[in-house]
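Read the structure below first, then the notes.
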Protein chains: 2
Amino acid sequence: MLTQTTIRTGSFNPTVAQAHIRPPQDGDDQVGAIELMGTAMPFARNAEIYGENEPADYLYKVVSGAVRTYKVLVDGRRQIGAFYLPGDIFGLESGAEHSCSAEAITDSRIVVIKRSAVVALAARDNQVAQEMWALTTRELQRMQAHVLVFIKSAQERVASFLLEMADRVPGASVVELPMSRQDVADYLGLTIETVSRTLTQLERSSAIEVPTSRRILLRNRPALNRLNS
Amino acid sequence: MLTQTTIRTGSFNPTVAQAHIRPPQDGDDQVGAIELMGTAMPFARNAEIYGENEPADYLYKVVSGAVRTYKVLVDGRRQIGAFYLPGDIFGLESGAEHSCSAEAITDSRIVVIKRSAVVALAARDNQVAQEMWALTTRELQRMQAHVLVFIKSAQERVASFLLEMADRVPGASVVELPMSRQDVADYLGLTIETVSRTLTQLERSSAIEVPTSRRILLRNRPALNRLNS
DNA sequence: CGTGATCTTGAGGGAATTCAATGTCGGTGG
DNA sequence: CCACCGACATTGAATTCCCTCAAGATCACG
C-alpha cells in the first residue's frame with residue numbers, strides 16, 4: 001500500500017445535447033474539421049465528465065477550465081493519466097467504453113462531440129480519419145513521455161512537471177496551476193507532502209518561486225532542465 | 001538517482017526490403033488487410049529495430065520472438081514501455097519520428113510494413129483507416145493500464161506483471177518469460193534485486209513456482225489477483 | 001472572525017535501493 | 001566429460017529516499 005488518496009465525489013453526469021454547427025471560438029486550435037461539430041457545455045469543479053467503463057459515445061474538447069483523467073484502484077489509490085487544458089481534445093483513449101474517468105478540475109466549458117458523427121465524417125473524409133489517427137498517436141506519445149517520470153526522483157518529477165506545464169503556455173515562465181497538490185501528487189506518483197516539500201526545496205535553491213500555492217515562477221530553467229535529465 | 005541500468009548495445013539496423021504480397025502465416029491475427037503487405041525479417045537477440053528520433057517509415061509486426069520498446073534518460077536509466085509478442089503490432093507510437101527505441105529481446109522474425117503503404121491503403125479503404133485508429137487506441141489503453149503499476153508496491157507490480165503475461169498466452173498458467181530480470185525491472189520501475197526478491201517471496205507464499213528463472217508457474221491465481229488490487 | 005479545505009513542516013519508520021558477495025546456468029574448449 | 005568463463009540471477013546487509021502520521025499554517029468563504 002503506497003499512496004492513499006481520499007476518493008473525490010464526482011457528482012454531475014450530463015445529459016448531452018445534440019451535436020450541431022456552432023461558430024468557431026477560443027480553444028479552437030487543435031483540429032480542423034472536428035471542432036465545428038458539437039456544443040459547449042459547462043461542468044462544475046470536480047464534476048464527473050465521464051466514468052471508467054461507461055459507454056464512450058463522445059469526444060471532448062476543453063474550451064475553458066481544466067480536466068483530469070484518472071484511474072483508481074479498489075482501495076482508493078488514484079493515478080492521474082493526464083491534464084487537459086483549453087484547446088486539448090480528450091476521450092480518445094476509448095474503444096467502446098472509456099478506459100479512464102474524467103473530471104473537471106475547475107469550472108470548465110467543454111465541447112462535446114458525438115463520436116458517431118466523427119466516425120461518419122471520417123468515413124467520408126480521409127483527411128478527418130488521418131487527423132483522428134494522428135491525434136490518438138500524439139496522445140500515445142504523451143503517455144509514453146509521461147511514463148518516464150516514474151523512474152525519476154521526487155525532485156526530478158516535480159521539475160519535469162513544472163517544465164511540462166510551462167511548455168503548454170508558451171512564452172510565459174510563470175505557471176498557473178489549476179489543480180491541487182493532491183492532483184499533482186497523483187499525477188507524479190508521489191504524496192502530497194513530498195510534492196510540497198520538493199517545491200520548498202526548489203524554492204530554497206532559487207530554481208523557482210512560489211508566491212501563492214497555485215502560482216509558480218520558474219526562476220532558473222537551466223537548473224530545472226538539469227533535473228529533468 | 002534511482003534505477004541505474006547498463007546500456008545495451010543495439011547493433012543491427014536493417015535495410016528494409018520492398019513491401020510485397022506474401023501468403024498468410026503464424027502471427028497473423030491482429031489486423032485484416034495490413035498483414036498482407038510486408039516481408040518477414042530476422043533480427044538477432046538485442047538487435048536494434050529502430051531508435052528513438054529516427055524517421056518512422058515503417059510499422060512492425062512480430063511473427064516470432066519478442067520485442068521491447070523503451071526510452072532512456074541521459075544517465076542510462078531505462079524505462080521499458082511495452083513488450084511485444086507474436087501477433088502484436090508495434091511502431092504505432094510514431095508521428096514523423098519514433099518516440100521510443102525498439103529491440104529484439106530474443107532472435108525474432110518481424111514483418112516490416114512501409115508506413116506510406118498503410119497510409120495509402122487507408123486513404124482508399126476506410127476500413128483500414130478505422131483499423132489503424134483502433135489499433136492505436138488499443139495501444140493507448142494498454143499504456144494507461146500500465147501506468148497503474150507505478151502506484152503499486154513491489155509485490156503488486158510483480159503479480160500484475162505475471163498475470164498480464166499469463167493472459168497473453170490464454171489457457172496456460174505457465175509463463176515463459178523471454179526477457180531478463182533487468183527487462184522486467186525496467187518495465188515495472190523496480191530494480192533487478194527487488195524483482196528477484198519479490199519472486200522468491202511469492203514462491204515462498206506458494207503463489208507461484210519458479211522451476212527455472214525464465215519459467216514461472218502460477219500456482220494460486222486468486223492470491224495473485226488479490227495483489228493485483 | 002470562525003470554519004473547513006488546502007497546504008506546509010516536522011519527526012519517525014519502512015519499503016525499496018545500493019553495494020557487495022555468492023550462486024546458477026549455458027556454452028566453449030581443453 | 002569436466003573445467004572454466006561470462007551472463008544472469010539470487011541473497012544479504014546497510015543506507016536512503018519517500019511515506020506515514022501528526023501538528024500547525026494559510027487561504028477562501030460564509
Side-chain angles (χ1 to χ4, degrees), chain A residues 1-9 45-46 75-79 105-107 149-159 176-204 208-216 227, chain B residues 1-9 44-46 75-79 105-107 149-159 161 176-204 208-216 227:
Chain A
M1 308 300 141
L2 299 172
T3 316
Q4 189 80 14
T5 296
T6 56
I7 300 180
R8 257 148 232 74
T9 59
R45 178 177 132 91
N46 291 333
D75 62 1
R77 282 174 286 177
R78 182 181 68 158
Q79 175 59 233
I105 294 173
T106 61
D107 293 346
V149 307
F150 299 109
I151 58 171
K152 295 183 180 180
S153 69
Q155 278 222 342
E156 294 169 329
R157 293 186 201 199
V158 172
E176 202 73 49
L177 296 177
M179 72 290 283
S180 70
R181 292 285 184 272
Q182 185 66 64
D183 286 336
V184 176
D186 289 352
Y187 181 62
L188 298 179
L190 298 171
T191 59
I192 185 178
E193 295 96 329
T194 299
V195 171
S196 190
R197 271 188 263 270
T198 304
L199 286 170
T200 317
Q201 281 176 240
L202 289 175
E203 188 166 28
R204 273 207 247 285
I208 64 172
E209 213 168 307
V210 190
T212 81
S213 70
R214 301 291 182 97
R215 165 174 292 132
I216 297 177
L227 283 174
Chain B
M1 310 300 139
L2 299 172
T3 317
Q4 189 81 13
T5 297
T6 55
I7 302 180
R8 261 146 231 72
T9 59
R45 180 177 129 92
N46 290 333
D75 63 1
R77 282 174 286 176
R78 182 181 67 158
Q79 175 59 232
I105 293 173
T106 62
D107 293 345
V149 307
F150 299 110
I151 58 171
K152 295 183 181 180
S153 70
Q155 277 222 343
E156 294 170 327
R157 292 187 201 198
V158 172
F161 172 71
E176 203 73 51
L177 296 177
M179 73 290 284
S180 69
R181 292 286 184 273
Q182 185 67 64
D183 286 336
V184 176
D186 290 351
Y187 182 62
L188 297 179
L190 298 171
T191 60
I192 184 177
E193 294 96 329
T194 300
V195 171
S196 192
R197 271 187 262 270
T198 304
L199 286 169
T200 320
Q201 279 176 241
L202 289 175
E203 188 166 29
R204 272 205 248 284
I208 63 172
E209 215 167 306
V210 190
T212 79
S213 69
R214 300 292 182 98
R215 165 173 292 131
I216 297 177
L227 282 175

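Proteins come first, then strands; the chains are lettered A, B, ... in the order of their sequence lines, and each starts at number 1.
Contact annotation: A:Ser180 side-chain N/O to C:dT6 OP1/OP2 distance is not under 4.0 Å. Here A:Thr194 does not reach the OP1 or OP2 of D:dC18: none of its side-chain N or O atoms lies under 4.0 Å away. Taking side-chain N and O atoms only, B:Thr200 has a distance below 4.0 Å to OP1 or OP2 of D:dT11. Remark: A:Thr191 is in phosphate contact with D:dC19, judged by side-chain N or O atoms under 4.0 Å from OP1 or OP2. Using a 4.0 Å cut-off, some side-chain N or O of B:Arg45 falls inside it from OP1 or OP2 of D:dC8. One finds no side-chain N or O of A:Ser213 lying less than 4.0 angstrom from the OP1 or OP2 phosphate oxygen of D:dC27. Taking only side-chain nitrogens and oxygens, B:Arg197 never comes nearer than 4.0 Å to OP1 or OP2 of D:dT10. In this structure, A:Arg214 reaches the C:dC7 phosphate: one of its side-chain N or O atoms is under 4.0 Å from OP1 or OP2.
One interatomic measurement links the two molecules: CD of A:Gln201 to P of D:dC17, which rounds to 10 Å at whole-angstrom precision. Atom pair A:Lys152:NZ and C:dA16:P shows a separation of 22 Å (rounding to whole Å applied). The distance from atom CD of B:Gln182 to atom C1' of D:dA9 is 11 Å, rounded to the nearest whole Å. Spacing between atom CG of A:Leu177 and atom P of D:dC27 amounts to 16 Å, rounded to whole angstrom units. Following rounding to the nearest Å, A:Arg181 (CZ) and C:dT9 (P) show an atom-to-atom distance of 10 Å. One can place CD of A:Glu203 at 13 Å from C1' of C:dC7, the figure rounded to the nearest angstrom. As rounded to whole Å, 12 Å separates atom P of C:dT8 from atom CZ of A:Arg204. Between the CD atom of B:Gln155 and the C1' atom of C:dA15 there is a distance of 11 Å, given to the nearest Å.
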Exercise. When you look at B:Val149 and B:Glu156, which way does the side-chain contact (heavy atoms from CB on, under 4.5 Å) test go after all the steps?
Worked result: CA-CA 8 Å; B:Val149 307; B:Glu156 294 170 327; over 6 Å; no

Problem set entry | Pair A:Val210-A:Arg215, side-chain contact (heavy atoms from CB on, under 4.5 Å): steps then yes or no | CA-CA 6 Å; A:Val210 190; A:Arg215 165 174 292 132; over 6 Å; no

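Here the side chains of B:Leu227 and B:Leu202 are in contact, with some heavy-atom distance below 4.5 Å. With a 4.5 Å cut-off on side-chain heavy atoms, A:Val184 and A:Met179 count as touching. Put simply, the side chain of B:Val195 does not reach to within 4.5 Å of the side chain of B:Thr191, judged on heavy atoms.
Rounded to 10 degrees, the angle separating the terminal helix axes of the helix from C:dC1-D:dG30 to C:dG30-D:dC1, each built from five base pairs, is 30°.
Listed nucleotides C:dT17, C:dT18, C:dC7 differ in distance to B:Glu193; the shortest reach to its side chain belongs to C:dT18.
Within the 3.5 Å criterion, the main-chain N or O of B:Arg214 finds no donor-acceptor partner in the side chain of B:Arg181.
Using a cutoff of 4.0 Å between basic side-chain nitrogens and carboxylate oxygens, B:Asp186 and B:Arg78 are scored as salt-bridged.
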